Amino acid sequence: MSTRFERMLLVVVLPLVLGCPAASGTDDEADGGAVDVPDPEAAGEIGAEEGGGSVGDAADGEDGSCPATAPNILGPFYLEGAPERSDLVETGMSGTRLTIAGAVLDSACVPIPGALLDFWQADDAGVYDNTGWRLRGRLYANSEGRWSLQTIVPGRYDTGGTFRPEHIHVRVSAPGHLLLTTQLYFPDDPFAATDPFYVPSLTMTVVDLPDGSRRATFDFVLLRPTTP
Ligand code: FE
């Protein structure tokens, strides 16, 4: 669990980087089981910052285009260089098995083959592995822009007074498109309402399967940099 110093660091630094007073006291990932807290400044990074564009300029979909996926905070537990794999489940790992599948599209709803998806998440006890690669992995969309991930449902963790809803972090990138940093959430999570980072449009479609596992779907939509 996080030390008091780590907690204080996040409380002080994160709001400053975010430039968002509402983030005060809601240190994302604060109890994520950190051993070492990676660069806290990275915690304030919001997705889609490559090339100077803005996700907030996303199309509204009324003309048949695909609305850009909303960004969400990076959090302090991202580690660069996760192994390339689409199955994060390891022998003996506890937790509800979860398959997530979807596509990566551009704002014209055209698939982006070979898009890179970089996932990381807490285990079923709400703990991140910050010294190894457990529950971290990178994978590529196929020639049709489709991807699939095998993992477990992550646990919630205390951020100092409230629990973050279940979520899975991801960064999605492709040449010629803005980097998207975001998180995926689960439907009807009772902790979503009190979470300062929850975005409804980032909620996956999830079904419970007879074998006790869950299957989720979510499509990412990337933007191109805006031309000056
Ligand atoms: Fe997290």
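Fair warning: this is a prediction, and the values are worked out from it, not measured in the lab. Order of appearance sets the numbers: ligands from 1, and atoms from 1 within every ligand.
Geometry about the Fe ion (ligand 1) gives an angle of 100° between NE2 of H167 and OH of Y128, rounded in steps of 10 degrees.
Each of L74, I73, V170, I168 was scored for a side chain to side chain contact (heavy atoms under 4.5 Å, CB included) with Q183, with one residue passing: I73.
Between the Fe ion (ligand 1) and Q183 there is no N/O/S contact shorter than 2.8 Å.
Residue pairs meeting the ring-ring contact (aromatic ring centres under 6.0 Å, His included) criterion with at least one member in residues 201-224, sequence neighbours excluded: W147-F220, F218-F220.
Of the possible donor and acceptor atoms, one in the side chain of D129 sits under 3.5 Å from a partner among the backbone N and O of R134.
By the neighbour-count criterion of 12 heavy atoms within 6.0 Å, atom CD of E90 is densely surrounded, having more than that number from other residues, nucleotides or ligands.
For H169, the N, O or S atom closest to the Fe ion (ligand 1) goes by the atom name NE2.
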